[in-house]
Amino acid sequence: MSAWRQAGLTYINYSNIAAKVLRRSLKQEFRAEALKRDESHVRVTPWANGRPARKLFFETTFNTYLKRF
Amino acid sequence: MALAFRGVIRNVARRLQVRNYADAPKGDEMALTFAAGNKVFYDKQVVKQIDVPSFSGAFGILPKHVPTLAVLRPGVVTILENDGKQNKIFVSSGTITVNDDSSVQVLAEEAHPLESIDRSAAQEALSKAQSEFNSASNEKAKAEAAIALEVAEEIVKAASA
């Protein structure tokens, strides 16, 4: 079993980290465009009992807290 | 009577099968679709050979390859086009599917031609990943840093080749 899977990461996590590292290794002219793909914003509305449980909840995806890479 | 009936069904099925393969490219051709989140590189283009790095080993694909599903590792995908031109594209991760009609789909998360990669930027990413790995506090952070390290090493290797 892969080391990362044992540590609790999924292939999706692996894929996102790999993509981030690649984007940072590009030549200057391609980097700006590529870094836009790093962030993605998701609006989440949890539902319970057929109605929204919370009013509005903005969540930036997992991607953005991997900022250190 | 049942025996004859079975024979008829079998012949009909065989003829239907033959009809399905009629639109596929010629038996010895391979149609490649290679797309990434950032760009489509090939769209059902007939090529000679594709070399891919996967978690189950690096392998080359020629027409009539056995149908396969594999997960890509960070590495270089080399495409040998019909006119003899070789195209090298670095892929961060993704999947590859080889179908029984010899069509191949490579779907990558992020893919860039080797010319777009900056060797010094890659080295920088490598040293950053190295320091992250050394300063990692928990298992998860260590695993994340290990992945970044592995990928950065591959990029540097590809950029230096």
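Order of the sequence lines sets the chain letters (A, B, ...), proteins ahead of strands, with each chain counted from 1.
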Residues of [range] under 4.5 Å from chain A (heavy atom pairs)?
range	result
residues 71-79 of chain B	B/Val71, B/Leu72, B/Pro74
residues 87-98 of chain B	B/Phe90, B/Ser92, B/Ser93, B/Gly94
residues 152-161 of chain B	B/Ala152, B/Ile155

Look at the side-chain heavy atoms of Ile, Leu, Val, Met, Phe, Trp and Tyr, link any pair under 4.5 Å apart, and say whether [X] and [Y] land in one connected group.
X	Y	value
A/Ile17	B/Leu126	no
B/Val47	B/Val52	yes
A/Val21	B/Leu114	yes
B/Leu107	B/Val104	no
B/Phe34	B/Leu69	no

Nearest heavy atoms of B/Lys140 and A/Gly8, plus distance in Å: CE-O, 4.1 Å
query: Do you know which two heavy atoms are closest between A/Asn16 and B/Glu109, and how far apart they sit?
result: OD1-OE2, 4.0 Å
message: Within a 6.0 Å radius of atom CD on B/Gln45, are there more than 12 heavy atoms belonging to other residues, nucleotides or ligands?
response: yes
task: Any chance you could measure A/Trp4, atom CH2, to B/Glu150, atom CD, to the nearest 0.5 Å?
output: 9.5 Å
message: Would you compute the distance between atom CG of B/Asn38 and atom CD of A/Glu33 and round it to the nearest 0.5 angstrom?
response: 9.0 Å
message: Within the 3.5 Å criterion, strictly below it, is a donor on A/Tyr14 or B/Glu144 matched to an acceptor on the partner's side chain?
response: no
query: Sub-3.5 Å donor-acceptor pair from the side chain of A/Lys27 to the main-chain atoms of B/Glu115, do we have one?
result: yes
Within the structure provided, determine whether [X] and [Y] are in side-chain contact (heavy-atom separation under 4.5 Å).
X	Y	result
B/Asp118	A/Arg31	yes
A/Leu9	B/Ile147	yes
A/Leu26	B/His112	yes

task: Among the options B/Ala122, B/Ala111, B/Ala36, B/Ser120, pick out the one with the most heavy-atom pairs lying under 4.5 Å from chain A.
output: B/Ala122
- prompt: Side chain, backbone, both or neither: which part of B/Glu124 has a heavy atom under 4.5 Å from chain A?
  reply: neither
message: Heavy-atom pairs under 4.5 Å with chain B - which of A/Ala18, A/Ser25, A/Ala7 has more of them than the others?
response: A/Ser25
message: Please evaluate residues B/Val151 and A/Lys20 with respect to the criterion side-chain contact (heavy atoms from CB on, under 4.5 Å), reporting the C-alpha separation (whole Å), side-chain torsions for both, the decisive distance (0.1 Å), and the verdict.
response: CA-CA 10 Å; B/Val151 182; A/Lys20 281 181 118 53; over 6 Å; no
task: Please list, chain by chain and in numerical order, all residues satisfying side chain to side chain contact (heavy atoms under 4.5 Å, CB included) with B/Ser54, sequence neighbours excluded.
output: B/Ser56, B/Phe59, B/Ala70
task: Output, in order, the C-alpha distance, side-chain angles, deciding distance and verdict of side-chain contact (heavy atoms from CB on, under 4.5 Å) for B/Ile117 and A/Leu22.
output: CA-CA 8 Å; B/Ile117 296 176; A/Leu22 179 57; 4.2 Å; yes
